[in-house]
Amino acid sequence: MIHPLLPDQLQKTQETMRMAAEFILRPISRKYDKAEHEPPIEMEQLNQAAAAQKKETGVGEDSVKSMDLTGRNLWAVISLEQMCWGDVGLFLARPGTGLGNAAIMAVGNKDQKAKWGKRWAAMAITEPAAGSDSKNISTTAVLDGDEWVIDGEKIYVTDGDRSDCVVVWATLNKSMGKTAIRSFLVEKGTPGFTVARLEKKLGIRASDTATLIFDNCRIPRENLLGGKEEIETDIDAAKKSFGGAMQTFDNTRPMVAGMAIGLGQAALDMTRALLAEEGYEDKFGGSMHQQTAVQYELEMLEAELEAARLLVYKSAWMMDNKMPNSKEASMGKAKAGRIGNRISLKCVEICSMQGFSEEHLLEKFSRDSKILDIFEGTQQIQQLIVARQVLGKSSSDLK
Amino acid sequence: MIHPLLPDQLQKTQETMRMAAEFILRPISRKYDKAEHEPPIEMEQLNQAAAAQKKETGVGEDSVKSMDLTGRNLWAVISLEQMCWGDVGLFLARPGTGLGNAAIMAVGNKDQKAKWGKRWAAMAITEPAAGSDSKNISTTAVLDGDEWVIDGEKIYVTDGDRSDCVVVWATLNKSMGKTAIRSFLVEKGTPGFTVARLEKKLGIRASDTATLIFDNCRIPRENLLGGKEEIETDIDAAKKSFGGAMQTFDNTRPMVAGMAIGLGQAALDMTRALLAEEGYEDKFGGSMHQQTAVQYELEMLEAELEAARLLVYKSAWMMDNKMPNSKEASMGKAKAGRIGNRISLKCVEICSMQGFSEEHLLEKFSRDSKILDIFEGTQQIQQLIVARQVLGKSSSDLK
Amino acid sequence: MQDYTTDHPFDISLSEEQQMTWDMLRKFAETELRPNARDAENAGKPSEELLQKIKALDLIPLIIPEAYGGLGLQQDSVSNALALEALAYGDMSLAMSVSVPLLVAQIIAEHASEEQKAEFLPEFVNGSMFHIGLGINNATFSTDPYQSSVLAEESGEDIILNGSKMGIAFGEHAKTYLISASDESGACDLYFVSKDQKGVELSKTEYMGLKGMPFSKINLSNCKINASQKLGGHNYSIDFKSLVDSSRIGMSALALGVCQAVLDYVVPYTNERVAFDEPISNRQSVAFMIADMAIETEALRLMVYKSAALKDLNVDFHKQASLTHRFASHHGMKIGTDGVQLLGGHGFTHEHPVELWYRNLRAVGIFEAGAGV
Amino acid sequence: MQDYTTDHPFDISLSEEQQMTWDMLRKFAETELRPNARDAENAGKPSEELLQKIKALDLIPLIIPEAYGGLGLQQDSVSNALALEALAYGDMSLAMSVSVPLLVAQIIAEHASEEQKAEFLPEFVNGSMFHIGLGINNATFSTDPYQSSVLAEESGEDIILNGSKMGIAFGEHAKTYLISASDESGACDLYFVSKDQKGVELSKTEYMGLKGMPFSKINLSNCKINASQKLGGHNYSIDFKSLVDSSRIGMSALALGVCQAVLDYVVPYTNERVAFDEPISNRQSVAFMIADMAIETEALRLMVYKSAALKDLNVDFHKQASLTHRFASHHGMKIGTDGVQLLGGHGFTHEHPVELWYRNLRAVGIFEAGAGV
């Protein structure tokens, strides 16, 4: 039965996590925005709140039907939406869970999940010469006896400095394109693995973004995550193999989209709070003749945000119900990524000098928001994915 | 000296043509919108007004520097902008001047200009299977003794039924691509040339849009307009030849863009007049907190329209001053085409039931406007042209 | 953050019953409505034959109480929204030729006094669907959408009505009009006005779109009616805001159906249309326009469903309906104009339906009372 | 339709003099401002060395009357706009480090009383450029932009000022502030307020962008000044609306320079950056974004020039300035965000200037008094 509403149990999750965001994250937002590269020490509290809430809601480790109220992915999206209402930079900097963890849970085998599932894993894909074009990565992995030898450079690795380990995408044979790409788990402290640099950034300054160097870095054979040691010659098997790697994105995109939604809502809420000090009230459903330009704009932005939110919830619900959600995940990411940025920039404009000033967080939101339309696949990549599926096209037809 | 303002002489042109539009075109706008395919009989008056104004301003037949106040192209854009403020459909239906005339003036030789310059010439490019892709046209022209034999079907020919003659694009050899394309002048009544059908359309219903059939249609050898009888083997010469045909567009695009601007201004003016009946006043420069959504929207739309107008004036001024203006012509057409459509649709929304109703002309403007973002090169084609020039790319790099 | 309570999990799948109705109405839209859309537009109304088929769907008798000859079933709002979406996929005008009388029947069944029910409901089952014209669309644009451009003034036992209403569907077919009017206190209610009442002036109006059905404008000039002609009786007050909001969800559901129609039309067209040696959908500018169309259509769908689901929970759905309606108006029109753009010159002619959808989608955000959920 | 008279033909080419100034300032922007933008941002102000070079441009002494040590040349508004565009191409903060004091000097030269001129003008030539802080930006957002968030109340010979101002460039360097304040009649004028006046409270504020120069917030609490401290003297009234409009053209000209910088940066970047085996600019989504950037930048240029040209004709330029300013705010920000988008993750880091331009372009539409024409 069509019912795109949250059951009370998930509303409780919202409330709890919102409170955590408000009381744990917001007070330290500006501090870590200013102190770039300084690891936030207050974050353990947030993890505890999330864990407690998860336990209370009864969300299991494995995906469970949302029908049972406890779908893991919808719960996760809702939780992180609220945490990112607090501060998306701090959320990304919270110890313990990185995008690499999603990869381990998505493609790792049982032993791997058991061994690394609880450790903080970053995800290293991008290279200086390969951004969205992940089939063109040039970091290599060569099997030598019982060890893989990893060589290459990775950039823009979120949590790359502070995490315990990194999921690294590398190729078994650069001339074989995407069929040769595999992901590997490299632990911190492995000889030949160094953090070369931390980026100074427009936003999400609380989170570290690292350049990693792998120079003759040897890791155990069993650190290959999902996919086979040899390159499949059968085309379907090869496609499936790369598809497996890419599938991680179907899981992580709703999460990143959820971040943009939380941030967008934060900007709208803060704008209304500031406006209220000068007497502003909403006028939903009013005509353009009655509404002020601000009332009109905020209603339109709220509508766009709600649209993005429902797309993202749907893509998470599909995951929980084991439906293929690649198109829907990209729809949600495309919409949420761009609208989060638009909202936050518009809110700064609406609040004028106050919006532009560091006295409030609106200007920070509008810096943080930009990356959410870029990482985990840019707006343009999401559009490509959606278009190919809607039009029934291959990546060679629609480039 | 930078001075993007109209001298008094051209302001006089504006006023005169606006008056003609208001008193000649507006009263019959609805009549010919309803009576699709009926040739408007009142249009001779408009031509007379234009001719008188042209004479008064001292605009010559040939391009003259705008510096001398009498640049032909800027004068033309300004005149037709005002006529299309009246009614773009009727303007397109005015007897005597079609897009073919622009082609004759742009690429015809002296004899051809003298012979056909004053006759009403339509332009036939599009074919059922070739829209924007003009190099792929399949209408053929074969030299047989002292005659060309034309065979093929042309669609969407504006004025195709009512004009005296038609400039037809045909290929000397379909396998040779764009280098083999030439334009030919075919007079009405030539055996083998028939008007097969008139289109029922969304807008500009006062103008006829015809499907033309050429079946073993024989025309004199001298009816080949610009370009050589044989296909150039030298690549540069060949490019130049097709470029010559395409160059017509650099002349006609500012004109079509001017139509969109006239229409956009008409929609804004009518909206304000209707709103004024219920007490509306503009509040230019007001903040979003003070302006109503309508005041804000109308100011933004007016800004966009003014931006388009200046781009178009500049492209016409460049033509008058013999500067290459292909990029600027496409910039103006892209901006004016899309903004004319956006304005007219928004004005209908703002005026609600009255805007949507046939009691007023706003709904008509929003139907007429759509074609201006399509013909003489769609929005997408204009973007391609601009992008290629800005990025320094060929049509094979950026498709 | 939410203001509702529910135990039901988040769900976006159709129930078995919803699926059956959906399949039936969507098929009807594709086989009966779509093929007849252009004819209805040319004639200015649906053919008698088509009207009979539409009536045979029995959508209206379904909700008429048994006492007045109907089946007396309560439809939930989500199912109503689904039905509107399915029908508008065929044609918006033709969908409204049933959704408008359905809305009138719903209003009367819910709000009318017993006498009014007895007078007006049976004819929905036995006679014309169009015996009552709904006059809610304001003739002035500066009027609050939750108020009326017709003013109601009490004068003893009588009520005097003054003002105009536009967009009354099948107004010439009606014998009675149900008109919204605002009184001095700011309350907005509905009133039954007979066609032959003194001070009633009816005229035909045509619009940019929705040409498959006839519309009237009504002008009330010192039109005196008895207080009992107020919907529900003299002392009854309708929640007019909720009525407008419900209708806005309905209009958004109709827009959704049309948006889906545009999307489903441009996908095969752009895949087949070749320019510069490739299908035009191989170009990002075309493909991304279609991707956005798909994204906004799906988003609109979820917003419509959520608004309707909130209404079904009997909680305040005003904000959600407002957001949905504004979204439908903005993105509906964008999809309408992009649909024509993707077909280029072809899209501008009557050879293809996209120009018709362009015109109909402009009605969204303007017509307030064309469907309810 | 127009409301001006001119014999001069339509023209969009630079005069010889305009071209010379343009070439000189644009070169300065590229060789001195752009390379120092990041350093100034990190330091929160330009280096002393750079400030000396900026001063050596002699832009301010040019317009100071000869009696006060300057050259006393009248600059036309179009040339002023060109200068702002050229400088902002290098860096917006650094351009404002000269455009703000220039605006102050212009205001004083045009409006101040003889005593005030004698007191404040010479220092522009001989001393600091920053001895007077301009307090026009309102601290409240709901205040009419043509009014002030500071209120002026006359009390005999005195005027009492109350309220706050934000975004005072180089406020800590100043000894005196020129503050806009509205009186009961709705007139908005400027007043000189000394730093050491009682009731003046200064604090440092930081913004999202424009970090290459320091800003102060000023709070005036029952700040009592003598009526003679009103700009131009007690009975003088400034056309504050025209001042705001002139400044809005100035801000738009700065935005234009930054937009052109973004465009010129992304063109080679996207032509060189390869993904999926081709330069990313071979993709329509990238190429069309850049085409739009070029279109809107060129349009903004023409709008800035036209606004300034109207001002030079001494006719009402309020509407044109308003349109230009709104256009600059909307499209400037779009170009700022697209600039980062085109560089992807790289654009988000300090390795490239696009993130800096993103932040600076958000100032447009917000800062009212950063430059004049």
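Labels below follow one simple rule: chain letters A, B, ... track the order of the sequence lines, proteins then strands, and each chain is numbered from 1.
The side-chain heavy atoms of C/Ser285 and B/Gln383, taken from C-beta on, include no pair separated by under 4.5 Å. Annotation: side chain of B/Thr209 is not in contact with side chain of C/Phe348 (no heavy-atom distance under 4.5 Å). Side-chain contact check for C/Val364 versus B/Glu349: every heavy-atom pair is 4.5 Å or farther apart. Between C/Gln341 and B/Lys370 there is a side-chain heavy-atom pair separated by less than 4.5 Å. At a threshold of 4.5 Å between non-hydrogen side-chain atoms, the residues B/Leu202 and C/Leu356 do not count as touching. In this structure the side chain of B/Val348 reaches within 4.5 angstrom of the side chain of C/Ile366, judged on heavy atoms. Considering only heavy atoms from C-beta on, C/Lys165 stays 4.5 Å or farther from B/Met353 through its side chain. For the pair C/His346 and B/Ile155, the minimum side-chain heavy-atom distance is below 4.5 Å.
One finds no salt bridge joining C/Arg362 and B/Glu363 here, because no Lys/Arg side-chain nitrogen approaches an Asp/Glu carboxylate oxygen to under 4.0 Å. Under the 4.0 Å criterion applied to side-chain N and carboxylate O atoms, B/Lys34 and C/Glu206 are assigned as salt-bridge partners. Under 4.0 Å is where a charged nitrogen must lie from a carboxylate oxygen, and between C/Lys211 and B/Glu358 at least one such pair does. Comment: C/Glu351 engages B/Arg197 in a salt bridge, judged by a side-chain N to carboxylate O separation of less than 4.0 angstrom.
Between C/Phe367 and B/Phe356, the ring planes are perpendicular. Angles over 60° get that label, and only those under 30° would be called parallel.
Chain B forms the most heavy-atom pairs under 4.5 Å with one residue out of C/Val354, C/Thr349, C/Asn138, and that residue is C/Thr349.
Interface residue C/Asp277: backbone and side-chain heavy atoms are both found under 4.5 Å from chain B. Neither the backbone nor the side chain of C/Lys334 comes within less than 4.5 Å of any heavy atom in chain B. Interface remark: B/Ile204 contributes backbone and side-chain atoms alike to the contact with chain C (heavy atom separation under 4.5 Å). Of the two parts of C/Arg283, only the side chain, counted from C-beta on, holds a non-hydrogen atom closer than 4.5 Å to a non-hydrogen atom of chain B. Contacts between C/Thr337 and chain B at a heavy-atom distance below 4.5 Å involve backbone atoms as well as side-chain atoms. Looking at C/Tyr358, only its side chain comes within 4.5 Å of chain B, counting heavy atoms on both sides. There is no contact between B/Arg338 and chain C, counting heavy-atom distances below 4.5 Å.
Heavy-atom proximity under 4.5 angstrom to chain B picks out C/Met289 from residues 287-294 of chain C. Residues of residues 324-332 of chain C placed with any heavy atom under 4.5 Å of a heavy atom in chain B are listed by number as C/Ser329.
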